[in-house]
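Below is one structure, written out as structure tokens; comments come after it.
It should be emphasised that the depicted structure is a prediction, and the values quoted were computed from it without experimental measurement. By convention here, the first residue in the shown sequence is residue 1.
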Amino acid sequence: MTVMKKTRVFISGVAGFLGSHLADALLADGHEVIGCDNLAGGYVENIPSGVDFHKLDCLDRERLNVLLKNVDVVYHLASYAHEGLSVFSPFTISQNTYGITLSLLSASAANKIKRFVYCSSMARYGSLPEVPFTEDMTPQPQDPYGIAKLAGEWSVKNICETHDMEYVIVVPHNIIGSRQKYDDPFRNVASIMINLMLQGRQPIIYGDGNQKRSFSFVGDVVESLVKIGYQENLNKEIINVGPDNEFTSINELAEVIADILDFKLDPTYIPKRPQEVKLASCSADKARRLLGYETKIDLRSGLKDMVKFISDKGPKPFNYHIDLEIVNDKTPISWKNKMF
């Protein structure tokens, strides 16, 4: 299998838990890693030693133009990945998901980078009639975040093909693992639950808790991401990455976390969130065929890793760092009343 030589790599969102783990892997392979983050969704202590780090919002296209000089591969991981919140803060979430993608694409094309790796989302699929979702299905996103992610995919295809850049679109499942931001009340359900239980507080569950997801351990995703940046046979592909052998309800997720923590579980149930997808799971058949993907870390083991990380750092109060743009009778009471 032909791969690129050691390269200069740029990672947007490098202080996030996925970006920082990817940086670790690329540095270990001998690549030079440059990264940016505005620290809205990550921690500065996540950033590995050896990364040329720049505190920067990806909307700053002029600075990106400078940072991308002589870069070979761009991994675009940064976004405000808040599906539920995007229904009530559509401008903020879309600007920091779709808007930043256009900014980084523009800088990438101006610098003639070789390959652009775009991290999309399961939210692209929406509520399709069949699970697991496969890459050949027509996406039907049903929240502004999913719409912004899909619009980003179309822009990646258009701009990369116009300006002779290779591209790969990767669709990870719900990623979990150490370094994930756990004081964000709007996303990262496993981290929220762990943070609450470590404070002796009950988790808050939307609806009946029977929404089902497939959770990916960050290490399994990173292994595929490294290959996606360098394998020669992947140009223009869309690839789901994540387990399709575990399909877990939110109720079951809470039970596993409570069991790991020996916590007496009695969740608080509140009305469901508008536009929340009930069943979301992706087929990993294409990733197995093209990348040799396999699930090495199961859900319970991944959650144990998260519990250790959050326990070691200590539980934190939740930071309501994004304003609600729309407050009405459909806005979740957990956010209006700051229940986390």
Can a donor-acceptor pair be found, under 3.5 Å and without considering hydrogens, that links the side chain of [X] to the backbone of [Y]?
| X | Y | answer |
| --- | --- | --- |
| K149 | C119 | yes |
| D57 | L59 | yes |
| S214 | E246 | yes |
| K286 | V241 | no |
| K236 | E161 | no |
| H31 | T7 | yes |
| S12 | L77 | yes |
| Q202 | K264 | yes |
| N195 | S191 | no |
| K6 | D29 | yes |

Verify the cluster assignment for [X] and [Y]: are they in a single hydrophobic cluster under the rule of side-chain heavy atoms below 4.5 Å apart?
| X | Y | answer |
| --- | --- | --- |
| V44 | I11 | yes |
| I310 | I192 | no |
| F53 | L18 | yes |
| V14 | V222 | yes |
| F88 | V189 | no |

Under the side chain to side chain contact (heavy atoms under 4.5 Å, CB included) test, which residues partner [X], sequence neighbours left out?
| X | answer |
| --- | --- |
| R63 | H54, L56, D60 |
| A110 | N65 |
| S108 | L68, V74, L104, I113, F116, M165 |

Would one find more than 12 heavy atoms of other residues, nucleotides or ligands at under 6.0 Å from atom [atom1] of [X]?
| X | atom1 | answer |
| --- | --- | --- |
| K272 | NZ | no |
| K112 | NZ | no |
| D136 | CG | yes |

Tell me, which pairs form a salt bridge (charged side-chain N to carboxylate O under 4.0 Å, His left out) where one or both residues lie in [range], sequence neighbours left out?
| range | answer |
| --- | --- |
| residues 293-310 | E223-K296, D259-R300, K308-D312 |
| residues 85-102 | none |
| residues 195-211 | D208-K278 |

Notebook entry, point to check: How does the hydrophobic cluster around V66 look, that is, which other residues are in it when side-chain heavy atoms under 4.5 Å mark a link?
Noted result: none
Checklist line | Transitive ILVMFWY cluster of F91, excluding itself - 4.5 Å side-chain cut-off | finding: none
Can you find a heavy atom in the side chain of [X] that is under 4.5 Å from one in the side chain of [Y]?
| X | Y | answer |
| --- | --- | --- |
| P332 | P271 | no |
| E135 | V171 | no |
| L85 | W335 | yes |
| L26 | Y230 | yes |
| H21 | S178 | yes |
| E83 | I93 | no |
| D285 | T134 | no |
| F247 | V131 | yes |

Next item on the list: Give a yes or no on whether a salt bridge exists between R288 and D244, defined as a side-chain N under 4.0 angstrom from a carboxylate O.
Entry: yes
Next item on the list: Would you mind checking if D183 and K313 are paired as a salt bridge, meaning a charged N to carboxylate O distance below 4.0 Å?
Entry: no
Which value, rounded to the nearest 0.5 Å, describes the distance between [X] atom [atom1] and [Y] atom [atom2]?
| X | Y | atom1 | atom2 | result |
| --- | --- | --- | --- | --- |
| S120 | L150 | OG | CG | 7.0 Å |
| I205 | L265 | CD1 | CG | 7.0 Å |
| S281 | L128 | OG | CG | 12.0 Å |
| L105 | I100 | CG | CD1 | 10.5 Å |
| S301 | M306 | OG | CE | 13.5 Å |
| R115 | I228 | CZ | CD1 | 9.5 Å |

Cut-off 3.5 Å, side chains only: do [X] and [Y] have a donor facing an acceptor?
| X | Y | answer |
| --- | --- | --- |
| H82 | D184 | yes |
| N251 | E255 | no |
| Y118 | S155 | no |
| S20 | Y43 | no |

Check: Tell me the side chain to side chain donor-acceptor pair (under 3.5 Å) pairs involving residues 123-132, sequence neighbours left out?
Finding: R124-E153, Y125-N240, S127-Q142
Next item on the list: Only pairs at least two apart or in different chains count here, so list each side chain to side chain donor-acceptor pair (under 3.5 Å) that has a residue in residues 88-97.
Entry: T92-E325
Next item on the list: Could you go through the side-chain contact (heavy atoms from CB on, under 4.5 Å) check for S334 and I270 one step at a time?
Entry: CA-CA 8 Å; S334 56; I270 62 176; 3.7 Å; yes
Notebook entry, point to check: Taking only residues two or more places apart in sequence or in another chain, which ones pass side-chain hydrogen bond (donor to acceptor under 3.5 Å, both in side chains) with N46?
Noted result: none
Margin query: Test: ring pair (Phe, Tyr, Trp, His ring centres under 6.0 Å). Region: residues 280-329. Which pairs qualify, not counting sequence neighbours?
Written below: F186-Y320, F318-F340
Margin query: Pair I159, T162 - check side-chain contact (heavy atoms from CB on, under 4.5 Å), show working.
Written below: CA-CA 5 Å; I159 294 171; T162 300; 5.7 Å; no
Next item on the list: Establish, for the pair K316 and Y182, whether the NZ or CZ atom is under 6.0 angstrom from the six-membered ring centre and no further than 45 degrees off its axis.
Entry: yes
Margin query: Applying side-chain contact (heavy atoms from CB on, under 4.5 Å) to R179 and D24, what does each step give before you reach the verdict?
Written below: CA-CA 13 Å; R179 304 182 192 169; D24 274 333; 2.8 Å; yes
Next item on the list: Determine, step by step, whether C36 and F10 satisfy the side-chain contact (heavy atoms from CB on, under 4.5 Å) criterion, reporting the C-alpha distance in whole Å, the side-chain angles of both residues, the deciding distance to 0.1 Å, and the verdict.
Entry: CA-CA 8 Å; C36 77; F10 183 87; 3.6 Å; yes
Next item on the list: Compare every heavy atom of Y167 with every heavy atom of C160, then report the nearest pair and how far apart it is.
Entry: CB-CD2, 3.5 Å
